[in-house]
Amino acid sequence: MHVLIHCTLLLIFAAATCANADTLEEVTKRGYLRCGVIEGSPGFTSLNDDGERVGFDIDHCKTISAAVFGEIQIEYVPITPHTVFTLLQGGSIDIFPDGATWSFTRDTTLGLDYTGVYFWAGQGFVVRRDSGVKTVADLDGATICVAQGTTLELNLSDYFDTHGMRYTPVTFADADKGLQAYQSDRCDAFTNERASTAGRIAGWPDRDDHVILTEVISKEPMAAMVRQGDPRWRDIALWSFNVQIAAEELGINQGNVDEIRAHTENAEAERLLGLHGDLGKALGLSNDWAYNIIKLVGSYPDLWARNFEPLGLDRGLNANWKDGGLHSALPFR
């Protein structure tokens with residue numbers, strides 16, 4: 001599940017104790033990355049039939065591991081929306097890649113840093129097909145299930161107030177409990193991030209009896225988070241994710257990276273793949289760090305095809321800027 005926590009719950013933090021930490025040194029000495037994940041959201045993080053963790057957010061954990069170690073060395077730390085920020089602040093996890101909405105209050109009060117938007121999301125609603133609801137306006141007077149203490153709950157209130165609409169909220173500790181209540185007819189609609197909802201209901205036996213409305217009521221730029229006071233670790237996270245966007249723009253993917261590395265004459269590709277320059281040194285990494293990311297995890301389209309295409313999601317705002325989306329790579333030079 002993508003975390004949309006109302007951060008006023010967590011204004012007290014332990015940033016001072018972590019301000020001088022060198023996370024790269026600690027992770028390297030430990031020999032593995034501690035990556036915080038919220039379980040049970042198909043497409044983002046779940047277990048496959050072999051009991052392996054898979055998903056978009058799992059791939060982002062692997063991205064950082066590939067950059068640091070040149071292999072996948074990860075301890076996945078299960079967290080909840082109500083524990084993630086304190087665990088990250090206190091050093092129990094090294095990174096939270098699972099998608100916290102980038103907001104002003106979080107960025108300025110939690111002692112944590114964002115590392116670049118990797119998923120553009122939006123809050124929407126799922127309703128029963130036979131309910132007659134076609135638009136959000138049709139939910140005036142409805143009972144709506146929502147996760148308590150999250151920006152989802154705040155967005156819902158703001159939207160309905162702004163549009164002069166009434167509703168009755170039914171709140172739950174997390175999205176799964178809210179969905180269960182919706183299935184049990186305790187509410188007329190369930191609201192959550194749309195892609196996360198699509199993954200959660202994909203396996204329902206009566207999936208065709210439910211519709212995710214096309215409208216979105218909020219903008220949710222999702223970005224991984226790290227502790228403040230460690231600029232090198234923030235740079236590693238930001239630029240590692242940026243590798244996958246740059247790879248797409250350069251036509252590089254997991255399947256062709258070795259061939260391109262052997263034959264490219266493109267200067268940007270040569271720098272990205274460690275053939276020229278010394279970009280890795282600036283991050284305290286080997287010069288093939290970006291190559292390892294693409295080889296072991298893939299480019300952004302590789303991640304999307306693996307995790308979201310099976311759910312029937314198109315890229316929309318998550319397309320590259322050349323295709324009308326919002327993703328654009330920062331230059332490697």
Side-chain angles (χ1 to χ4, degrees), residues 1-13 36-41 43-45 56-57 60 79-89 95-126 136 139 142-163 165 167-179 181-182 187 189-200 212-213 215-226 228 316-318 326:
M1 168 189 171
H2 269 54
V3 176
L4 303 162
I5 307 303
H6 188 7
C7 56
T8 55
L9 298 175
L10 292 167
L11 293 180
I12 300 174
F13 54 86
V37 295
I38 295 177
E39 300 176 308
S41 182
F44 292 101
T45 171
F56 194 69
D57 299 323
H60 282 303
I79 55 179
T80 72
H82 299 287
T83 64
V84 54
F85 295 145
T86 51
L87 289 173
L88 184 55
Q89 292 156 358
I95 189 167
F96 173 53
D98 206 27
T101 301
W102 195 334
S103 68
F104 175 86
T105 309
R106 287 178 179 161
D107 202 16
T108 58
T109 65
L110 293 180
L112 303 173
D113 277 333
Y114 286 92
T115 59
V117 176
Y118 72 86
F119 188 84
W120 295 92
Q123 183 176 340
F125 299 84
V126 59
V136 177
L139 290 173
T143 299
I144 301 174
C145 289
V146 61
Q148 188 176 37
T150 66
T151 55
L152 294 166
E153 188 179 18
L154 181 60
N155 293 338
L156 181 64
S157 175
D158 286 350
Y159 185 88
F160 275 68
D161 285 348
T162 298
H163 290 81
M165 298 165 58
Y167 74 102
T168 300
V170 183
T171 59
F172 299 89
D174 57 44
D176 287 330
K177 289 182 175 61
L179 268 180
Y182 165 76
C187 48
F190 169 77
T191 186
N192 191 34
E193 192 277 310
R194 292 179 74 250
S196 177
T197 299
R200 289 171 182 275
I212 299 175
L213 300 182
E215 294 170 272
V216 296
I217 66 168
S218 71
K219 181 172 56 178
E220 306 292 341
M222 302 292 184
M225 301 180 81
V226 296
Q228 280 182 354
L317 294 179
N318 290 290
L326 297 179

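Counting begins at 1 with the first residue of the sequence.
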Can you measure from [atom1] ([X]) to [atom2] ([Y]) and round to the nearest 0.5 angstrom?
X	Y	atom1	atom2	answer
C145	L152	SG	CG	12.5 Å
L156	N192	CG	CG	11.5 Å
L213	L139	CG	CG	6.5 Å
S41	D174	OG	CG	11.5 Å
K219	L317	NZ	CG	10.0 Å

Just by modelled atom types, is the [Y] backbone N or O under 3.5 Å from a matching donor or acceptor in the [X] side chain?
X	Y	result
Q123	S218	no
N318	W120	yes
Q228	L112	yes

Name the residue from I79, T83, D57 that meets the side-chain contact (heavy atoms from CB on, under 4.5 Å) definition with I38.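 Per the side-chain contact (heavy atoms from CB on, under 4.5 Å) rule, the option paired with I38 is I79, out of I79, T83, D57.
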Apply the side-chain contact (heavy atoms from CB on, under 4.5 Å) test between T171 and each candidate in I144, T150, V146; give the one that qualifies.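 The side-chain contact (heavy atoms from CB on, under 4.5 Å) with T171 is passed solely by V146 among I144, T150, V146.
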Could you report the tightest heavy-atom contact between [X] and [Y], atom names first, then the distance?
X	Y	answer
F96	G36	CD1-O, 3.6 Å
I217	F125	CG2-CE1, 3.7 Å
A147	E153	O-CB, 3.8 Å
W102	A223	CE3-CB, 3.8 Å
N155	E220	ND2-OE2, 2.7 Å
A121	M222	CB-CE, 4.0 Å

Aromatic plane relationship, F44 with F119 - under 30° parallel, 30 to 60° tilted, over 60° perpendicular: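 Rings of F119 and F44: perpendicular, as their planes differ by over 60°.
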According to the interplanar angle, ranging from 0 to 90°, do the rings of Y167 and F160 count as parallel (below 30°), tilted (30 to 60°) or perpendicular (above 60°)?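 Y167 and F160: tilted rings.
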Which residue in the set R200, E193, R194 passes side chain to side chain donor-acceptor pair (under 3.5 Å) when paired with S196?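 When side chain to side chain donor-acceptor pair (under 3.5 Å) is applied between S196 and each of R200, E193, R194, only R200 qualifies.
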Would T115 and H60 satisfy side chain to side chain contact (heavy atoms under 4.5 Å, CB included), going step by step from the backbone distance to the final call? CA-CA 12 Å; T115 59; H60 282 303; over 6 Å; no
